[in-house]
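Reading through the C-alpha cells given below for one structure.
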Amino acid sequence: LPPAPPPAWHEYLGEYGTALDPIVVLEHDATLNLLTAGVTLHPLMHGGTDTMRTADGGLAVFRRTGGKISALELDNAVLGRRPLGPDDGNVFRITPLHTMAELERMAAAAAPPVENGDFSESDLVELQSLDPSIHYDIRYATTSNFMGAVFYSQARAFLQRPAAEALVRAGAALRKRGYGLLIHDAYRPWYVTKMFWDATPDSLRKFVANPATGSRHNRGAAVDLSLYDLRTGEPVTMVSGYDEFSPRAYADYAGGTSRQRWRRALLRTALEAEGFTVNPNEWWHFDYRDWRRYRIGTERFEQLAR
C-alpha cells in the first residue's frame, strides 16, 4: 500500500486547462507531478506557499479565488481549473430533465425490450446471504445518489448465483489484503434504468445504460462496488466518488493519488480473476462474463423477496 500523501496536497490535485489537452496534477511516488499529454510526468518541488518548480526550472504557481485553488500559472500561461466533480465526501448530482413523477409515469408506460433466444433461468441470490462480511451502501435506497431521489424501497443487493459466488471468491481474496467488499448496486430493475436514461442530459448519457438494449444490471450480472477497510470498517477513498459522471470515474484515469489508484487496481485485479470485466467509464462497475445468458428483468426487490 503506497503511503498517504500530506493532506495539504489534495487541494492541488485535479485538471487545469482545456478538456482536450488538460494538465493533470497528481501524486506519484510521494511527489506532486504535472502530467502532460497524458503520458509525461514532471515532478514538482515546493518553492513556497502555492509556488513550485519543475525539475527543469519551470515555475508553477497555483492561484486562488476565495481561498480555493482556481488556476495554475505555468511559465506565464494561466490555466483555469476544470470543474470535474464534487470534493471528497460529497455526492455528484445532475439536474434531471424531468420530475420524479414524470419519470415514474414514463417508466410505467414503457416495457423492457423483447428478447429472443435461449436464456438461463434467473436465480437471483442476495449477496449478504452468501457472505455476511459483504457490506451494503445501496445508494438508490437513499437520496445519496446522482439523482437525489429514492428508487429502491429496500437496501438489498442481488446477483445471478454464478456471479454472486464469483464475487464471494473475489471478496475472500481481498480479505487477505485487509479489505472487504462494499456494494453500491447489483441487480437493477429495468424500470429504474429507464428513469435514469430519461432523466440524464445527452452529454452525460455515456454514464447510464440505454433502456432500448437494457443494462447488464437488469440481467443481475453486473455489480457496482468499492472497498472498505477491515480494520476500521470505513470505506476507502478512490480517485472519484461513486456515480460521479466525470473523467475521474474512468477505470484508467491517471489522476488522484498513488494510494487511490493502488486500491482501484486491487479491486479490479480481484474481480477480473473471477470473471468480471470493468466498465471503462466507471471504475466501480463490473460485468460478469456470463451476462448474456440472462434475460432483462424489471421485478422490484419486494417481488424477488417473495
Side-chain angles (χ1 to χ4, degrees), residues 1-93 203-204 206-207 226-227 236-269 278-284:
L1 176 65
W9 287 9
H10 283 274
E11 65 176 337
Y12 299 112
L13 304 178
E15 294 189 5
Y16 300 83
T18 67
L20 293 178
D21 188 24
I23 288 179
V24 180
V25 177
L26 58 97
E27 180 269 329
H28 175 73
D29 285 346
T31 304
L32 280 175
N33 285 259
L34 302 179
L35 177 68
T36 58
V39 294
T40 306
L41 286 172
H42 305 272
L44 293 174
M45 297 169 286
H46 281 271
T49 303
D50 295 342
T51 299
M52 306 179 197
R53 288 192 178 276
T54 61
D56 60 5
L59 192 64
V61 180
F62 290 90
R63 301 298 186 188
R64 294 180 182 269
T65 301
K68 293 187 176 182
I69 302 294
S70 59
L72 169 63
E73 183 177 338
L74 191 63
D75 295 334
N76 298 318
V78 178
L79 309 173
R81 186 170 194 165
R82 298 191 62 229
L84 294 182
D87 295 331
D88 290 345
N90 295 323
V91 178
F92 178 86
R93 293 274 167 80
S203 62
L204 296 175
K206 65 182 174 182
F207 293 101
S226 186
L227 299 171
V236 306
T237 301
M238 295 291 196
V239 179
S240 83
Y242 171 60
D243 258 1
E244 179 180 312
F245 296 4
S246 88
R248 297 191 305 195
Y250 297 163
D252 295 320
Y253 183 67
T257 70
S258 298
R259 178 172 285 199
Q260 291 167 347
R261 294 189 299 273
W262 184 88
R263 286 170 167 159
R264 183 184 65 188
L266 180 68
L267 175 66
R268 180 173 176 174
T269 298
V278 72
N279 182 319
N281 290 330
E282 301 172 339
W283 62 260
W284 58 81

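Only heavy atoms go into these numbers, but all of them, side chains included; no hydrogens, no water, no symmetry mates.
Here ring pair (Phe, Tyr, Trp, His ring centres under 6.0 Å) pairs that include residues 67-91, with residues two or more places apart or in two chains, number zero. Applying the salt bridge (charged side-chain N to carboxylate O under 4.0 Å, His left out) definition to pairs two or more places apart or across chains, those involving residues 238-256 are E244-R248, D252-R268. Within the structure, the ring pair (Phe, Tyr, Trp, His ring centres under 6.0 Å) test picks out no pair touching residues 65-84 (sequence neighbours left out).
In this structure the side chain of L34 reaches within 4.5 angstrom of the side chain of L72, judged on heavy atoms. Residues L267 and V278 fail the side-chain proximity criterion, which asks for heavy atoms closer than 4.5 Å. Between H28 and R261, the closest side-chain pair of non-hydrogen atoms falls below 4.5 Å. Contact check for F62 versus M52: side-chain heavy atoms found under the 4.5 Å cut-off.
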Return all side-chain donor-acceptor pairs below 3.5 angstrom for residues 73-84, not counting sequence neighbours, or 'none' if the list is empty.
unit_1	atom_1	unit_2	atom_2	d
E73	OE1	R63	NE	3.0
E73	OE1	R63	NH2	2.4
D75	OD1	L59	N	3.4
R81	NH1	E11	O	2.7
R81	NH2	E11	O	3.2
R81	NH2	L13	O	2.4
R82	NH1	E15	OE1	2.5

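Smallest separation of non-hydrogen atoms from A249 and S240: CA-OG, 3.6 Å. Closest approach of K206 and N281 over heavy atoms only: O-ND2, 3.5 Å. The heavy-atom pair separating N33 from T31 by the smallest distance is ND2-O, 2.8 Å.
Using bins of under 30°, 30° to 60° and over 60° for the plane-to-plane angle, the ring pair F207/Y250 lands in the parallel bin.
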How far apart are the C-alpha atoms of D56 and T54, what are their side-chain angles, what is the distance that settles it, and do they pass the side-chain hydrogen bond (donor to acceptor under 3.5 Å, both in side chains) test? CA-CA 5 Å; D56 60 5; T54 61; 2.3 Å; yes
Stepwise side-chain contact (heavy atoms from CB on, under 4.5 Å) test for I69 and D50: CA-CA 9 Å; I69 302 294; D50 295 342; 4.3 Å; yes
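How far CH2 of W9 is from CG of L26: 11.0 Å, rounded to the nearest 0.5 Å. To the nearest 0.5 Å, atom OH of residue Y253 and atom CZ of residue R264 are 9.5 Å apart. Rounded to the nearest 0.5 Å, atoms CH2 (W284) and CG (N279) are 8.5 Å apart. Between the CG atom in L32 and the NE2 atom in H46 there is a gap of 5.0 Å [rounded to 0.5 Å].
Evaluation of the side chain to side chain donor-acceptor pair (under 3.5 Å) rule for S70 yields T65 as partners, not counting sequence neighbours. Residues passing the side-chain contact (heavy atoms from CB on, under 4.5 Å) test with S226, sequence neighbours excluded: H184, V236, M238, W283.
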